[in-house]
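What you are looking at is a predicted structure, and each value in this text was computed from that prediction instead of being measured. Note that these values count all heavy atoms, side chains included, but never hydrogens, waters or copies made by symmetry. So that the names make sense, note that chain A is the first sequence line, chain B the second, and so on, each numbered from 1.
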Amino acid sequence: MKNHILNEKQKKAVEFEGEHLLVLAGAGTGKTRCIVGRAAYLIEKGVQPEKIQILTFTKRSANEIVERVKASLTDNQAQSLNGSTFHSWCNQLIVRYPNLFGAASYTVIDPDDQLSVMKMVCGDQILEYKGIRIKPQQLIDIYSYGRNTRQNLTNSIREKVFKGKTDEETNDEIDIIRPKVEILLKAYQQKKGEGRYIDYDDLLLIVANRLRNDEEARKILSHQVKHLLIDEFQDTNPLQWFLLEPFLEIANFYCVGDDAQSIYSFRGADYKNVHLFKERVPNSEILILDKNYRSTQEILDLSNWLIEESPLDYKKKLVSSRGEGMKPKLINVSSQWEEANFIAENILENFTENNKNFASHLILSKSTYYTKPLQAVFIQKKIPYVTYGGRKFMEAAHIKDVVSALRVVNNLYDEIGWMRFLTFWDGIGEIKAGKYISKILEFKDPLDCAQNLDDAIGGPEGEKIGDIYNTILLNSGNVKRAIQETYSKMELSLAFKYRKDWEEKRKSDFPVLEMLGDNYASIGQLISEGILENAKQLNGNPVLEGSQINDSEIKDHVIISTVHSAKGLEADVCYVLNVSPKVYPSAWNLDKEESIEEDRRVLYVALTRAKNELYVTRDTNSINTVKTPNSGDTNSNYFLEELPGNLVEQATNPYLIIKPKDILTPNKIDLSLGMDFS
DNA sequence: ATTAGTACCTTTTTT
DNA sequence: AGGTACTAAT
C-alpha cells in the first residue's frame, strides 16, 4: 500500500480480522482514511474488488473514496471496486437482476414528480383531500417519513404534522384525519403502480423486501457481496438498516461513524443508532479513534465547547495532534453583501499575498439558497468556485422538458412525463393534455403509440409530437443520439420558453446532457441512474459531479458547499456563513429540542472542517431581518450567546466596504435626443 | 373554456 | 428557480 501513514489504532481498524466492525471516530480522526485503507487492504489480501461494496450518502464521497483506493494501489487492482449511494446501489441491483426484483421498464421519480403524482391523486380524491388541511407536499413527507423510520401512519402524521406532540387534542385531530390520509396515500401507491413509478424509498424497499423474504435471493447476492463498507453510519435510518440487515449473514460489515456528526434526522436517522451497533450486529466489535489529525487545537477548542454546551452527552473531546495555531475569528457583518465581500477579499488576499491557492478555501452554508449573493460576488471578482449541494442536474426545468420526451418512450404509462411533454408545446395546456393522455393510455404498446400518436393529437402539434416520439423510439439503442435528435427538434421552443436566461444559463446544459446520456446503454438507465446524478456549479455553470465529463480547464477553485454536502471535506481555510441568531439554531424549530441539537451538530460538522484558519461570520442585523413564526422569542437559544471570549477573536470586516454600483435606470437617460419634431 | 403571461412568494438539509 | 394565484388574451 502506498502513501498511507496510519497510526496504531487506524492500522488496527484497517487490518481488523473479526467479522463485523464499527469504527467510532470523531471529526478529523481518519474515518475516510480507514475506509480507503480497509478497501485497499482487502484487495491486497486477495479479495476480489467487485465483491467489495462501499456505501456512502453522496455520490461524490463514493467517487472520492474509490479514487483514493485506486490511487493507493498499483496497476489497476481496484478497477472494478464499487462505490455508490444506497439508492444507486439498489438501483444497480434492480437493473442487474430484473427477474429477481420484478421490475422492468420502470421510471424512477424524483421528489418533484412525487409531488406531481400526489397532486394528481388529490385531484382525483377531492372529497378526502378537502376534508383535511394538509398539502400534497406534506402528504409526501408523511409517507416518506413513515417508510424511512418504519413507523406507522399515526406516528408519522404526529411527527410531520403535529411536531411530535402527544396531548389529547392532538390525538383527537390525528384520529379525524388519519382515515382520509390513508385513503390518499393508498391512492398514491395505486397511481405509482399504474405509472410504473419507483420513488427513492421504493428503490431500497424493493431490494430489502426481496432479500428478507427470499432465501434464494440472499443466496444469489451472497456470491456478489462479501464486504460492505459503510460511511457515515450515524446517518443511516431504520429503512437503510432494514435493507442492510439481511446482508449480515452474507457479508462482513465495516462501518464508520460519529454520533456527534449525525445531521439527517429529517430523513429518519437517529444519532443513537451507533450505540445500538453491538446489540444489532452479533459478533461485532467497536473501535474508537480519538486523535484529531486535521485541525489545530484552537479550532477544536471552539468545536469541543459547542458540543459540551449540549444537554446531550457525546462523551467527546477532540485533541489535536497538530498543536496550536490561529484562533478562530468571529466576524460581525451588517449585511449578506458585506459578508460576501469580506470572504472574497480575504480569499484574494490569501491568493495574491499568502501563496494559498483557491482550492484551500472552503465556504460552508446551511442552505444553498443563502450562497447566491456570494456566488454573484465571486463571479464579479473573478474568483473560480464550485458549489456542492442544491438541485440535481436532471431536476432543472429545461432538462426535464427534454427528458420528458425520453421518459414517455421508455414508459408509455408515465402520465407525469406525458403531461410535461405535451404541455410543453404552444396551445396545449393541462386540459387538452389530459384528454390526449387518456387516449394515449389506450395504446397497446410503444409501437402502436408511435403509429397513432399524431392522429390522437391531431394538427401540426400532433405531427411534431409524433415525429419526436418516433425518432426517439428509432434511436432507443443510442441514448446520446436520441437526446441530440430530441433536443434539435425542441430547441426553438426551448429557447422561446426560457428566453429570459436561455443563452446565459440553460443552453449550455444540453451538451452536458448528451455526454451524460453517452454513459448509459439505454434510455431506461438514463432516467433511473441518471436521475440520481448530482450536478455542481463550476463558475456558475452546472456540470456533472463525479464523472470524467467535468474535468475542466480550471482545477483550482474555491468550494462553496452546504454543510450536509461537506461531510468528509476539509480545507486549510474555512468560512462558516451566517452563524447568527435564529439560524443556529433555526428559528423554525425552537420548540423541538431534537431539532435544536441537530442544528448544533450541523454547526459542529462545519467548524471541524477547518485545518488551520476558521472564520465564522455573524449578521448583526439578523434579529430584525429574519422572518420567523416565533417572533418575539429571545435569542436565548443562540449557540454563540454565551461563547467565552477567549475561544475566538472578534472582529469587524477589515476590508473597505464597496457599495454596489448604482444601476442606471432608463429614465435617467434622455431618450428624446436627435429627432427634430419641427 | 383554455391557455398564456405576470406579479408575487417562499425557500433547510439529501437520495 | 420554481410554484401559485391572479388577470389578460384567444
Item checked: Listed partners of A:E415 passing salt bridge (Lys or Arg N to Asp or Glu O under 4.0 Å), at least two apart ->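 Only A:K191 meet the salt bridge (Lys or Arg N to Asp or Glu O under 4.0 Å) criterion with A:E415.
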Margin query: Distance criterion of 3.5 Å, no angle test: do you see the side chain of A:Y369 paired donor-to-acceptor with the base of B:dT11?
Written below: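 Between B:dT11 and A:Y369, which were checked side chain against base, a qualifying N/O pair under 3.5 Å is present.
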Residue list, side-chain contact (heavy atoms from CB on, under 4.5 Å) with [X], at least two apart or on another chain:
| X | result |
| --- | --- |
| A:E463 | none |
| A:D414 | A:T107, A:Y197, A:R407, A:N411, A:I416 |
| A:Q137 | A:L115, A:I140, A:D141 |
| A:E529 | A:K59, A:S88, A:N91, A:Q92, A:Y520 |

Item checked: Counterpart residues, ring-ring contact (aromatic ring centres under 6.0 Å, His included), relative to A:Y143 (two or more places apart) ->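 Counting only residues at least two positions away or on another chain, A:Y143 forms a ring-ring contact (aromatic ring centres under 6.0 Å, His included) with A:Y188.
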Any N/O pairs under 3.5 Å between the protein and nucleotides 8-10 of chain C? List them or say none.
none

Check: So which of residues 84-97 of chain A are in contact with DNA chain B, with a heavy-atom cut-off of under 4.0 Å?
Finding: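 Heavy-atom contacts with DNA chain B come from A:T85, A:H87.
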Nucleotide N/O to protein N/O under 3.5 Å, stretch nucleotides 3-6 of chain C:
from	atom 1	to	atom 2	distance (Å)
C:dT4	OP1	A:K119	NZ	2.6

Check: Can you tell me if the side-chain N/O atoms of A:S565 get under 4.0 Å from OP1 or OP2 in B:dT14?
Finding: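 Indeed, a polar side-chain atom of A:S565 lies that close.
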Scan the side chains in residues 202-210 of chain A for donor-acceptor partners under 3.5 Å anywhere in the protein, sequence neighbours excluded, and list what turns up.
from	atom 1	to	atom 2	distance (Å)
A:D202	OD1	A:R147	NH1	3.2
A:D202	OD1	A:R147	NH2	2.4
A:D202	OD1	A:K192	NZ	3.2
A:D202	OD2	A:K192	NZ	2.9
A:D202	OD2	A:D199	N	3.0
A:N209	ND2	A:L205	O	3.3
A:R210	NE	A:L100	O	3.0
A:R210	NE	A:D214	OD2	3.4
A:R210	NH2	A:D214	OD2	3.1

Next item on the list: For A:Q125, check side-chain hydrogen bond (donor to acceptor under 3.5 Å, both in side chains) against everything at least two apart and list the hits.
Entry: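 Residues passing side-chain hydrogen bond (donor to acceptor under 3.5 Å, both in side chains) with A:Q125: none at all.
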Nucleotide N/O of nucleotides 4-9 of chain B paired with protein N/O under 3.5 Å:
from	atom 1	to	atom 2	distance (Å)
B:dA4	OP1	A:G427	N	2.5

Notebook entry, point to check: Of all the nucleotides listed (B:dT13, B:dT15, C:dG2), which has the minimum atom distance to the side chain of A:A397?
Noted result: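 So the side chain of A:A397 is nearest to C:dG2.
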